[in-house]
Amino acid sequence: MRVSARHATLLLFLAAFAALPLLLPSSFHLRVATLVWIQALAAVGLNLLMGLAGQVSLGHAGFFGIGAYAVALGPRHLGLDPLLSALAGLVLSGLLALLVGRPILRLRGHYLAVATLGLGILVWLVLNSEVALTGGPDGIQVPRLVLFGWRVAGAETWYWITGAVLLLGVWLALNLEDSPLGRALRALHDSEVAARVAGIDVARSKLVVFVMAAIYAALAGSLLGLFNRFVTPQVADFLHSIELVTMVVIGGMGSTLGAIVGAAILTVLPQALTVFHDYEHAVLGLMIILFMIFLRQGIVPGLAALLPRRAVA
Amino acid sequence: MQRRQLIGGLAGAALLALATPSLAQAPIRIGSVLSVTGPASFLGDPEARTLRLYIERINQAGGVLGRRLELVLYDDGGDANRARTFATRLVEDDRVIAVVGGTTTGTSLAMIPVFEEAKIPFISLAGGIEIIEPVKPFTFKTPHTDKMACEKIFTDLRKRGLTRVGLISGTGGFGASMRNQCLRVAGDFGVQIVADERYGPGDTDMTPQLTRIRNVPGGVQAVINADFGQGPAIVTRNFAQLNMGVPLYQSHGVASRSFIELAGAAAEGVRLPAAALLVAEQLADNDPQKRVVMEYKQTFESTQNQPVSTFGGHAYDGLMILVEAIKRANSTDGTKIRDAIRATRGFIGTGGVVNMSATDHMGLDLSAFRMIEIRGGTWTLVD
């Protein structure tokens with residue numbers, strides 16, 4: 001049987017997913033792994049938009065924030081179940097993406113980047129300044145998730161839950177890449193004019209993938225909120241948007257496995273670099289620069305190109 | 001020759017190890033998560049410097065319980081999510097016995113559940129009253145709350161016979177929280193808040209809000225500004241430009257030199273409640289805090305080459321309360337240290353005299369705040 005890139009990605013991820021709890025000594029490490037899965041989920045979604053369709057979003061943390069605050073505000077102000085609140089967050093964030101995506105996806109390049117940037121900052125502003133509603137800059141507590149009478153707690157439990165959700169997300173993303181929509185997106189990535197000539201509804205394709213990416217981010221946000229049981233407006237701030245973009249770029253644009261690797265690097269490195277004390281930020285920056293110089297296409301595609309052609313493509 | 005030196009060195013080291021066997025024991029690990037970088041770095045940086053400085057000094061003086069102290073310090077960059085991750089790391093990986101840290105209310109609140117679950121004493125360095133109210137078994141804090149700032153200002157107003165007050169506050173976390181507290185306790189002091197204006201974090205002109213305060217029917221007798229950072233400096237300048245003709249009160253959030261520099265001549269006559277550290281030299285010689293604040297000020301300024309700030313003072317208080325509690329508990333057991341911290345009585349720190357109890361995990365009263373007036377471009381103690 002030919003091992004396609006799709007199968008290889010899924011298999012690699014599954015192997016890592018199952019093996020990690022055996023290798024990690026403490027629940028702190030499991031916590032970091034859980035954070036990797038959560039960030040990776042947002043990055044995988046963003047990779048659909050950036051890597052596949054070639055559209056830049058600098059405001060993705062805004063959708064992340066909507067998901068995170070949904071699980072905090074739903075139970076508090078509306079008395080909703082956390083799970084239902086998370087669902088409401090997904091719907092809200094999808095609708096917002098649909099609404100604003102219609103006009104702003106007609107923009108290209110820098111203009112699209114600036115428009116999404118504005119969107120992200122708007123969300124952050126609302127979360128930060130509507131103190132009565134959101135608790136303001138000091139953040140807000142999230143109630144514990146209870147599933148059918150089972151109180152979800154502990155790093156290991158969350159490790160499996162977030163990992164399973166990511167697995168689902170990865171599977172969907174890989175299927176999308178090989179679907180007619182995925183091919184349409186790749187086509188419009190190369191040339192919108194050529195795609196339109198070939199009969200692709202460019203505006204609609206872009207909108208669909210934008211909404212999907214928003215929902216991925218919101219789901220990741222909800223998971224983070226439920227896992228941490230505390231959210232602050234920082235989940236939606238500009239820096240987090242940039243972090244998500246960096247994850248996709250560093251891992252390799254267009255590679256789903258790359259998005260996961262990028263998320264892992266940006267989440268684990270700050271933990272590993274604490275040995276450098278005051279210089280950790282400088283070292284982190286230096287490593288990112290080195291990755292970009294020596295693996296210009298991103299880590300996963302860059303390394304794959306070094307392997308013999310028959311292996312992972 | 002070289003070998004002999006080596007042997008001599010080894011023998012010396014061995015002797016030293018024999019002479020102080022206790023220091024060879026495993027060190028006592030104290031954890032800290034501070035916002036050394038990011039938007040709150042002007043708070044977190046002096047805190048980190050203070051902790052490093054004093055842990056070294058304590059070790060030079062022989063450590064605690066005959067053991068060295070080891071500081072495990074992480075920088076959360078002001079991010080609550082990262083703070084929580086580091087909190088788990090301190091508990092699970094570094095196995096610290098207590099934690100001094102949490103620069104902002106947000107990061108502190110995010111970390112509290114981790115330490116409460118692990119039964120590790122946590123002394124927060126953030127101002128928010130929700131950290132200790134309701135009381136959580138293992139959570140303490142050293143800085144004054146904004147409620148106390150309101151009470152101190154109102155006490156001063158009452159002394160001057162002023163009752164009609166205009167309030168102008170920033171919408172940021174600090175300003176919003178202090179506004180709520182001031183509105184809540186005003187009645188207890190017979191003070192009437194007749195105007196309640198707000199401004200955003202990026203605003204560069206507060207003339208409209210101040211004009212509205214001035215035009216309140218019946219007039220105001222004083223104005224209180226609740227905020228920190230740039231905002232209060234702009235309010236102070238606008239206040240002087242409008243020639244309001246009533247006293248202006250700021251909060252402890254402006255208790256740094258940069259406020260006087262930003263507000264310039266307009267700062268003249270502004271009053272604010274602040275810790276004794278700010279006016280260390282002016283304290284009476286029989287003031288119980290005099291010795292402690294002078295010592296901290298001199299130690300910090302001579303080693304760090306920068307002016308002392310009250311934020312570093314909070315870290316000093318937190319560390320010293322913890323170290324004394326470990327000595328009294330004569331143990332590194334979390335619950336025993338907690339009980340000892342709770343039993344802290346008459347501890348004199350830079351923030352005031354601390355008397356903890358089972359229902360008060362901060363232990364400061366209004367006497368911890370001094371009323372300070374800006375005269376001739378510097379802090380002057382008026383009360």
Side-chain angles (χ1 to χ4, degrees), chain A residues 24-36 38-39 64 68 125 128-132 134-142 144 153-155 158 221 224-225 227-237 239-240 243 267-268 270-282 284, chain B residues 33 35-40 45 48-49 52 71-95 104-114 117-118 126-131 169-177 179-180 198 200-202:
Chain A
L24 299 177
S26 77
S27 73
F28 156 66
H29 293 91
L30 279 174
R31 180 187 155 82
V32 174
T34 306
L35 289 175
V36 171
I38 291 172
Q39 298 286 5
F64 195 98
L125 266 179
N128 212 27
S129 42
E130 291 303 314
V131 179
T134 65
D138 287 342
I140 191 169
Q141 299 278 349
V142 177
R144 192 186 286 283
W158 277 107
L224 184 72
F227 171 52
N228 270 345
R229 297 194 40 227
F230 188 81
V231 286
T232 61
Q234 274 133 7
V235 291
D237 74 358
L239 213 62
H240 190 205
E243 253 175 29
T267 312
V268 176
Q271 295 292 331
L273 295 179
T274 50
V275 291
F276 291 103
H277 291 296
D278 294 344
Y279 302 101
E280 55 181 277
H281 296 279
L284 184 64
Chain B
V33 181
S35 310
V36 184
T37 58
D45 182 61
R49 286 168 184 269
R52 289 206 188 99
L71 178 70
V72 187
L73 192 150
Y74 296 120
D75 171 19
D76 60 35
D79 181 349
N81 176 41
R82 221 175 295 163
R84 185 149 181 154
T85 304
F86 282 127
T88 348
R89 184 169 180 178
L90 288 176
V91 172
E92 298 282 340
D93 242 35
D94 302 314
R95 307 213 165 265
T104 67
T105 306
T107 55
S108 295
L109 288 176
M111 292 193 288
I112 285 172
V114 177
E117 199 171 52
I129 195 162
E130 53 269 52
I131 294 169
S169 52
T171 50
F174 180 87
S177 168
R179 169 180 170 269
N180 287 337
R198 311 182 73 181

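Because the structure is a prediction, the values reported are computed rather than measured. Residue numbering restarts at 1 for every chain, and letters A, B, ... go by the order of the sequence lines.
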Of the backbone (N, CA, C, O) and the side chain (C-beta and beyond), which part of [X] lies under 4.5 Å from a heavy atom of chain B, both, or neither?
| X | result |
| --- | --- |
| A/His240 | neither |
| A/Leu224 | side chain |
| A/Ser27 | both |

Smallest separation among heavy atoms of [X] and [Y], with atom names:
| X | Y | answer |
| --- | --- | --- |
| A/Gln271 | B/Thr85 | NE2-CG2, 3.2 Å |
| B/Gly106 | A/Phe230 | O-CE2, 3.4 Å |
| B/Asp79 | A/Gln234 | CA-OE1, 3.4 Å |

Find the distance between [atom1] ([X]) and [atom2] ([Y]) and round it off to the nearest 0.5 Å.
| X | Y | atom1 | atom2 | value |
| --- | --- | --- | --- | --- |
| B/Arg82 | A/Leu35 | CZ | CG | 11.0 Å |
| B/Glu92 | A/Leu30 | CD | CG | 9.0 Å |
| A/Phe28 | B/Asp94 | CZ | CG | 8.0 Å |
| A/Gln141 | B/Glu130 | CD | CD | 10.0 Å |

Practice task
Sequence neighbours left out, what passes side chain to side chain contact (heavy atoms under 4.5 Å, CB included) with B/Val91? Give chain and number order.
Solution key: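 Partners of B/Val91 under the side chain to side chain contact (heavy atoms under 4.5 Å, CB included) test: B/Val114, B/Phe115, B/Ala118, B/Ile120.
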Handout entry: Side-chain heavy-atom pair B/Arg89, A/Val32 within 4.5 angstrom cut-off
Key = no
Problem - pair A/Thr274-B/Phe86: side-chain heavy atoms closer than 4.5 Å - result: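 In contact.
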Problem - Any donor-acceptor N/O pair, A/Arg31 side chain to B/Thr88 backbone, under 3.5 Å - result: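 Between the backbone of B/Thr88 and the side chain of A/Arg31 there is no qualifying donor-acceptor contact (under 3.5 Å).
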Exercise for the section: Counting only heavy atoms closer than 4.5 Å, note whether B/Ser108 contacts chain A via side chain, backbone, both or neither. Expected result: neither
Fill in the blank from the handout: Heaviest contributor of heavy-atom pairs below 4.5 Å to chain A, chosen from B/Leu90, B/Thr105, B/Asp93, is B/Asp93
Problem - When B/Gly78, B/Gly128, B/Ala126 are compared by non-hydrogen pairs under 4.5 Å with chain A, the top option - result: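 Looking at each option in turn, the highest pair count goes to B/Gly78.
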